[in-house]
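Order of appearance sets the numbers: ligands from 1, and atoms from 1 within every ligand. For this chain, numbers begin at 1 and follow the sequence in order. Only this structure's heavy atoms are used, side chains among them; waters, hydrogens and symmetry mates stay out.
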Amino acid sequence: MALMRTITGPSDLKGLTQGQVSALAEEIRAYLISSVSQTGGHLGPNLGVVELTIALHRVFDSPRDTLLFDTGHISYVHKLLTGRHDLSTLRKQGGLSGYPSRAESDHDVVENSHASSSLSWAIGIATGRKLRGETDRHTVAVIGDGALTGGMVWEALNNIADQPDLPLIIVINDNERSYAPTRGGMAEYLASLRATQEYEHMLSWGKRQLSRTPVVGRQVYEALHGVKKGLKDIVSPQGMFEDLGLKYLGPVDGHDVEAMETALRRAHDFGGVVLVHAITEKGHGYDPATADEVDRFHAVGKINPETGLPLEVSGRSWTDEFSDELVRLGRERDDIVALTAAMLIPVGLQPFAERYPERVFDVGIAEQHAVAMASGLSFTGMHPVVCVYATFLNRAFDQLLMDCALHRQGVTFVLDRAGITGTDGASHNGMWDLTLTGIVPGIRVAAPRDGQQVALALRESVDIDDGPSVVRFPKGSAGAPIEAVRQVGTLDVLRDLDDQDGPESDLELLLVGVGSMAGTALEVADKLRAEGRRVMVVDPRWVLPVSPDLVDLARGAGRVAVIEDNIVGGGIASAVSQTLAAAEVDVPVHGYGIPQEFLDHGSREQVLDRIGLTPDAVATSLSARLG
Ligand SMILES: Cc1ncc(C[n+]2csc(CCOP(=O)(O)OP(=O)(O)O)c2C)c(N)n1
Ligand SMILES: CC(=O)[C@@H](O)[C@H](O)COP(=O)(O)O
Ligand SMILES: [Mg+2]
């Protein structure tokens, strides 16, 4: 760590010798392994960009030059080189973000964790700089091969190709993986370019051998070299980027700082748009990561740094409940197909894919495309199940609305990581989906309260074939089942008025627990009942559209309160309030949910506490309201 501690900013890198640079890379790699194994985080991706990031900061002059890191999860080395040497607070409340953060440094620009937007940012910044006469400032976007499969990238490249003179450098960090190996034509194309590297190595070996061959050696080499272009085009059609008029440099060994510096300096001095194709290895230099076939330690929890084995064992997750039921459904119905946006394992589709490989589609990091493709699949009579993290549905809202719902296509959306996720920061919380889906005509939305309900809701959703249906659930362990004490129409009653409480007509408070907030609602009810309040807790299971049974029950209540892990604005409380008003049911409705703010990272529990979405806070508020 001795050398790293001397690097207070990128300027301290410029004077290092190549030997010192190599030593620094090793120091950083060792520190990443020791620190991130204690905090958790994106260990594999960041081990893959150690040398690349050092080279970037030696060639460019951040923050005068702007460095952008697509998806943001690969910014740990960048942080270490820009004065943030201590990663021990990574992803902890009040500590360093796991993504770039403007509050931490003026070297950081794009904070969000949503992939494939870096080239759009880059052309925006470069164009703005040009308009302001600052054409000596470079903009560099580092984008992974996975993020390169996102449609926005191709929208940006289309525009970038129109301005080939912009001082804009695109570094493709090609490690052949998203979580799993990157799929699709783009991945194949990059593979063909990588093949060039082997070809170049072979050619330079041939040149060395032939140059040692007297007399004929030179002529033979020239002849070979003449063949090179032809062979190279066979090995790797350079066309795509060059056909767009973009200069392509590479492939370059992304773990060779000197080679990266040479390429980046050429790109820097070129004075126009250049793509530098860096070949890297996710998890590089750490055997447990490079040996990990699942995802090369894409995102780890706390692990043993020696073995890479997890130190925390989590219980059966919400995702597991979904995954197992989908396999059961897949066995019963051959019309069920599944789609993922490069997250087959994290969204729980691997067991289904192992059994029905022809019925799973990994479309790359392309949620918009996934939803429109699902609409097409549904049109042919298949029942697609689109599996994305709730926050990433934001990307595909128009396709949900105008491709799926407008045509009443029967598509099931499984939104994992709904609600507060916490440690991945503001852009990862699944806090908007109930609001977004709530404005989609004809949609049905289920918020299961436990693992059993996930299975039940999924089974019901795949029977909905006249429009989109949604099943949303949070990250982590699903916890123990919450049994209903009885049904009122479509509603599950979780806590009933006791007999001696008298008739339902003088119900003080009807408490609605949405999804995983059912547990919170029960604790709130128990606190209020201990004060002698007459409280009933119900779980609608299908939260949108609002059930008429809920309207009927509300008629007899003094107040209604809804607890949801979605923004309060436009969420289920809003929907209930609007539905009651439309039914002329004049009962106050109180919404308890997530504030309409971007929430700094912390654990799920810490964030819930911070925003007052806890049993104590809600009970205190309701107690005051009940008077
Ligand atoms: C829109 C969007 N969808 C999904 C994700 C989840 N995600 C985070 S990183 C990642 C893989 C990125 O692969 P790549 O760009 O190759 O970067 P690497 O991890 O290989 O460095 C995915 C799918 C995301 N961040 N954004
Ligand atoms: C950066 C990104 O989008 C994902 O890698 C995310 O960090 C993983 O989140 P989970 O740990 O919830 O799967
Ligand atoms: Mg990758």
Side-chain angles (χ1 to χ4, degrees), residues 40-50 52-53 69-77 90-91 97-100 110-119 141-153 171-184 186-187 190 254 278-284 289 294-301 312 314 317-319 340-348 362-371 387-396 416-430 473-476 601 604:
H42 291 95
L43 182 55
N46 283 280
L47 287 171
V49 295
V50 172
L52 182 155
T53 310
F69 297 91
D70 199 283
T71 318
H73 66 308
I74 55 167
S75 58
Y76 299 2
V77 181
L90 188 69
R91 297 156 57 97
S97 165
Y99 300 86
V110 178
E111 302 188 346
N112 84 63
S113 64
H114 288 211
S116 314
S117 65
S118 59
L119 272 58
V142 181
I143 184 166
D145 55 296
L148 217 53
T149 61
M152 207 190 301
V153 163
V171 180
I172 299 174
N173 172 34
D174 180 5
N175 55 25
E176 303 180 62
R177 298 183 79 99
S178 281
Y179 285 73
T182 302
R183 305 286 299 273
M186 189 59 222
L190 289 178
I279 310 298
T280 64
E281 179 185 36
K282 205 164 195 174
H284 187 75
V294 170
D295 68 7
R296 295 286 191 281
F297 280 25
H298 174 83
V300 297
E312 300 164 317
S314 51
S317 68
W318 295 85
T319 311
T340 174
M343 299 180 78
L344 183 105
I345 294 176
V347 297
D362 177 350
V363 298
I365 309 181
E367 287 82 4
Q368 296 176 320
H369 162 58
V371 175
C387 305
V388 294
Y389 285 7
T391 188
F392 300 136
L393 180 72
N394 300 357
R395 272 280 165 87
D416 198 332
R417 275 44 172 203
I420 297 295
T421 52
T423 49
D424 276 295
S427 57
H428 244 73
N429 293 309
F473 47 79
K475 178 173 186 174
H601 61 281
R604 173 182 163 85

Open item on the list: With nothing but distance in play, are any N or O atoms of Tyr389 less than 3.5 Å from an N or O of ligand 2?
Closed with: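 Yes, there is a polar N/O contact under 3.5 Å.
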
Task: Side-chain donor-acceptor pair present, Asp424, Ser113, cut-off under 3.5 Å - done: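 Their side chains do not contain a donor-acceptor pair, so the 3.5 Å distance test is not met.
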
Please list the nearest protein heavy atom to [atom] with its residue and the distance rounded to 0.1 Å.
atom	result
atom 15 (O) of ligand 1	Ala147 N, 2.8 Å
atom 16 (O) of ligand 1	Gly146 N, 2.7 Å
atom 25 (N) of ligand 1	Ser113 O, 2.6 Å
atom 12 (C) of ligand 1	Ile365 CD1, 3.8 Å
atom 13 (O) of ligand 1	Ser178 CA, 3.4 Å
atom 22 (C) of ligand 1	Tyr179 CE1, 3.6 Å

[X] and ligand 1 - part of the residue with a heavy-atom distance under 4.0 Å:
X	result
Val49	neither
His42	neither
Ile74	side chain

Run the contact test for [X] against ligand 2 with a 4.0 Å cut-off on heavy atoms, strictly below, and give the result.
X	answer
His428	yes
Thr421	no
Met343	no

Task: Contact check, Gly48 vs ligand 1, heavy-atom distance below 4.0 Å - done: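 No, Gly48 has no heavy atom closer than 4.0 Å to ligand 1.
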
Taking [X] for its side chain and [Y] for its backbone only, find out whether a donor-acceptor pair lies under 3.5 Å.
X	Y	answer
Gln368	Arg395	yes
Ser118	Phe69	no
Asn173	Ile279	no
Asp416	Lys475	no

TODO: Would you indicate which of His114, Lys475, His298, Arg91 comes nearest to atom 5 (O) of ligand 2 when only heavy atoms are counted?
DONE: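 Considering heavy atoms of His114, Lys475, His298, Arg91, the nearest to atom 5 (O) of ligand 2 sits in His298.
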
Heavy-atom contacts with [X] under 4.0 Å: which atoms of ligand 2 show up? List them by number with element.
X	value
Phe392	3 (O)
Arg417	10 (P), 12 (O), 13 (O)
Tyr179	4 (C), 5 (O), 6 (C), 8 (C)

TODO: Looking only at distances, please establish whether an N/O atom of ligand 1 is found under 3.5 Å from an N/O atom of His428.
DONE: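 Between His428 and ligand 1, no N or O pair is found under 3.5 Å apart.
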
Looking at the Mg ion (ligand 3), is one of the N, O or S atoms of [X] less than 2.8 Å from it?
X	value
Thr182	no
Glu176	no
Gly48	no

Open item on the list: Quick check: closest heavy atoms across Thr391 and Asn394, and the distance to 0.1 Å?
Closed with: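 What the structure gives for the nearest pair is O-CG, 3.1 Å.
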
